[in-house]
Every structure is written in structure tokens, then in C-alpha cells.
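Note: hydrogens, waters and symmetry copies are ignored here, and every other heavy atom, side chains too, is used. Values in this document were obtained by computation on a predicted structure and should not be read as measured data.
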Amino acid sequence: MHDTINRRNFLSKSLGAAAGIALSGNLAKASSKNKLPDPGKFPVKVIASRNGFEATRLAYEKITSGEDTLDAVIAGVNLVENDPNDHSVGLGGLPNEDGVVELDSSVMHGPTHRAGAVAALQNIKNPSKVAQLVLKYTDHVLIVGQGALRFAKAYGFEEENLLTDDARKIWLKWKHTHSDRDDWLSPPPFKEDPFGEEFFGRITGTIHCAALNANGDMSCTTTTSGLSFKIPGRVGDSPIIGAGLYVDNDIGSCGSTGRGEANLQNLCCFAAVELMRNGMDPKDAGLEVLRRVANKTSESHLLRDDGKPNFGLSFYLLSKDGRHAGVTMWGPSQFSVTDEKGTRHEDSAYLYKRSE
Ligand code: GLY
């Protein structure tokens, strides 16, 4: 797949879209403020959630060697999908309440504006690769469950048990301790319990990775094992285009980790890219969607006594001109970046501070 862009097309499409939503004042201001580089001179950049440190490094290397931005970010997140010690993604991901690992992923290619996704996929550790095949070889965007598994096997993916021994013990600990109104007695039957309190709560860890190449083309992917101990068949935000990720090659990209249900109810990544289209800085756009989520959260089990949301939600934003940000509901927190200055963690901006 080739990332190519005609700069004149880019500018005219961008301005036309803005006129369509009647916010040309803001956009005109943003366009004149952020004059875009010529093709070949955009600042190459890859960003990811905190667990994507090595993913950004690998994707950057691939992009600077001439690989397509989507191929590069997928290769990056495959490192984490293949890592049995990351319990939020792929092999070693935490299972559903029945002890079965179910994976969700989406990919989006800026230059073609095409997307692919799979949800509730079992036994295949690289759902991002399967999502890319949906994008490339079907006229669909999202394939789920047994259909997604059959689709992956048709392309030669081999089934494997994704529930590692550590993930199985964490799941069993949850079964033993999450309720005193069932027949699972606590404590769990392990001589040593290496997992402490870290996994006592439910986790919604995920990896998102987005890239910009020197021609100004962008792509992104999000991949996850979803909410730990979920009801079987539950699908989160990660495979939903506009929620788990979104890229408009003329404007920028956004991806998400954290409580998927809150994101699904607000379609945050699409909203954030639209805010960037209207001239907002990536950081301000991300904080604005977090504010919307906080304002729209009304269920008592999701609110603290002081009325603030009791869950985590984070966004990773990259604009066409190379500005980037990580934002999170509860900070401090960090995200990963690789660009000409190297690979590093940077602090995310946050709506609320954890000690508050
Ligand atoms: N954001 C991951 C999930 O909720 O499934």
C-alpha cells in the first residue's frame, strides 16, 4: 500500500470540508497559523499509549525505511500483541468471565480512508493483522466472533490458546475474590501470589499506535483484549471506527485506551479529530472530549462522591502538521513518542489529578 498525497488536493479537500460544517472562521485561522510542509518534508512521528514504547520505535524505523504507515504501526503493535507479559492485548491478554481471551482491533489507513476491524476474536493473537485483511480484501469494515475466526483461518492464521498461565491465575484470583455470594472460596489456591492488587480491579488496557510520514500521510491501529472478565461477547470501543480510533488524512488522528463504554457513548476519537479540523490544538481537543465524557456521565456506579468519573480514559492525538498530545481523565500518566528526537515517554495532560 502506498502513501501518496497531492498537497493541493489536501488543502482544497480540507477547506471544502470545513466550509461544509460552517466553521470556516476557525479553520481559516488554524490553516494560516499552521502552514503545512511540502510533501517529503512533514515531520515523521509515531505516537502510542505508554505500553507502545518499542512499537513507536519499530514503526518509526519502518516508516523512515519507506514502509507504508499502516504496515508500520501494525508491525509496532504486533510486538505487544505477541508479548505474554502484557495482560491487556493479544497473547496473555486477560480473559472474559469464562476464562476465554476475546480480542478486538481496528486499523485505519489515512490516504485511502479505508478501515478494517475484528471483534470478539478468539485464538488468534494478532487481531490487528486480521483487521488489516478485512480492510484490504473485503468490502466490509467489521467482522466479529466465529466469522472473524473463520476469516482469519482462511488467510492461514493458526489457532492457539491465548490464555497464558499467569493470565489464568489472575482470572482465577478474580473468580475467588470478586464476590462472597457464590461458591468460590477465598483466598485463591496459589502458594505464591505474584499478582498483588495490580489486577484486583478490572483493567481496560489496550495499545493504540498512530503515525505520520514525510509525505504527510497518516494511519493508526488500536488492539486489545478489552475489559478483563467481561461478559462473553462484550465488544468495547477499540474495534469501532470513530471510537477506538479515527484518522482523517487531511486533519489528524486520535486513538483511545480505557473504559470503552464511555468512549462508545461519545464517539470520542471522531469528535476529537473534528475539533482539530475546527482549529483546536491536539491537547485541547483531547481535553475537550474528556470534559464531554465527564459531563455526560450520570450513572451512580461510575461516579465518585465528588461527582467526578471513577474510571480511566485516555486519548493519543496526532495532527497532520506533526503536533501531538496524550490526554487522560486521571493523571499523572504517560504515553510514547518516537520522532527525530528519539524514543521517549512524555507526560499526558489530564482532566483530574489522582490525589484529588
Ligand atoms: N478500551 C478497551 C475496551 O474498553 O475494551
Side-chain angles (χ1 to χ4, degrees), residues 1 46-49 51-52 55 59 68-78 80-81 88-90 93 102-122 124-145 147-149 151-152 155 157 204-211 218-227 230 233-249 252-273 313-318:
M1 218 181 277
V46 185
I47 66 168
S49 42
N51 56 351
D68 171 73
T69 48
L70 185 57
D71 293 336
V73 292
I74 291 172
V77 300
N78 288 163
V80 186
E81 288 174 333
S88 68
V89 178
E102 287 186 333
L103 305 177
D104 299 337
S105 180
S106 58
V107 302
M108 194 159 180
H109 184 243
T112 56
H113 205 68
R114 289 180 66 188
V118 289
L121 175 65
Q122 297 179 6
I124 305 290
K125 71 180 170 201
N126 297 126
S128 60
K129 283 188 181 170
V130 185
Q132 188 183 26
L133 294 175
V134 175
L135 176 156
K136 270 182 160 173
Y137 299 128
T138 78
D139 194 28
H140 302 323
V141 170
L142 173 61
I143 303 181
V144 308
L149 177 58
F151 176 80
Y155 282 91
F157 285 81
T204 47
T206 296
I207 177 168
H208 170 75
C209 187
M218 310 182 75
S219 292
C220 53
T221 179
T222 301
T223 177
T224 188
S225 50
L227 177 66
K230 59 195 170 189
R234 176 265 190 189
V235 171
D237 57 333
S238 303
I240 305 302
I241 308 305
L245 58 66
Y246 190 70
V247 57
D248 182 326
N249 207 50
S253 78
C254 176
S256 163
T257 61
R259 181 178 158 78
E261 282 73 7
N263 187 1
L264 285 167
Q265 285 163 338
N266 294 278
L267 219 55
C268 297
C269 287
F270 179 75
V273 172
L313 185 61
S314 301
F315 299 108
Y316 313 93
L317 303 104
L318 181 57

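Atom OG1 of T69 and atom CG of N249 lie 7.5 Å apart (nearest 0.5 Å). Atom-to-atom distance recorded for Y316:OH and I207:CD1 is 9.5 Å, nearest 0.5 angstrom. For the atom pair CG (D71) and CD (Q132), the distance works out to 5.0 Å, reported to the nearest 0.5 Å.
Here A210 pairs with I47, H208, C220, S253, L318 under the side chain to side chain contact (heavy atoms under 4.5 Å, CB included) rule; sequence neighbours left out. For the ring-ring contact (aromatic ring centres under 6.0 Å, His included) test, residues two or more places apart in sequence or in another chain that qualify with Y137 are Y155. Shown here are the side-chain hydrogen bond (donor to acceptor under 3.5 Å, both in side chains) partners of T221, two or more places apart in sequence or in another chain: there are none. In terms of the side-chain hydrogen bond (donor to acceptor under 3.5 Å, both in side chains) criterion, S105 has no residue partners (sequence neighbours excluded). Here A262 pairs with R259, V293, F311, L313 under the side chain to side chain contact (heavy atoms under 4.5 Å, CB included) rule; sequence neighbours left out. Under the ring-ring contact (aromatic ring centres under 6.0 Å, His included) criterion, F157 pairs with no residue at all, not counting sequence neighbours. In this structure H113 satisfies the ring-ring contact (aromatic ring centres under 6.0 Å, His included) test together with Y246, sequence neighbours excluded. Listed by chain and number, the residues in a side-chain hydrogen bond (donor to acceptor under 3.5 Å, both in side chains) with S225 amount to none (sequence neighbours excluded). Listed by chain and number, the residues in a side-chain hydrogen bond (donor to acceptor under 3.5 Å, both in side chains) with T223 are E81 (sequence neighbours excluded). Every residue was checked against the salt bridge (Lys or Arg N to Asp or Glu O under 4.0 Å) condition with R114, not counting sequence neighbours, and none meets it. Under the side chain to side chain contact (heavy atoms under 4.5 Å, CB included) criterion, T224 pairs with D104, T206, S238, not counting sequence neighbours. Evaluation of the side chain to side chain contact (heavy atoms under 4.5 Å, CB included) rule for A243 yields D237, I240, N263, L264, L267 as partners, not counting sequence neighbours.
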Worked verdict on S256 versus T222 for side-chain contact (heavy atoms from CB on, under 4.5 Å) = CA-CA 8 Å; S256 163; T222 301; over 6 Å; no
- Derivation of the salt bridge (charged side-chain N to carboxylate O under 4.0 Å, His left out) call for K230 and E261: CA-CA 12 Å; K230 59 195 170 189; E261 282 73 7; over 6 Å; no
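The shortest distance between side-chain heavy atoms of K129 and I74 falls below 4.5 Å. L149 places a side-chain heavy atom less than 4.5 Å from the side chain of L121.
In plain terms, the two heavy atoms of A152 and I124 that are nearest each other are CB-CG1, 4.1 Å.
Between the side chain of N266 and the backbone N or O of C268, no donor-acceptor pair lies under 3.5 Å.
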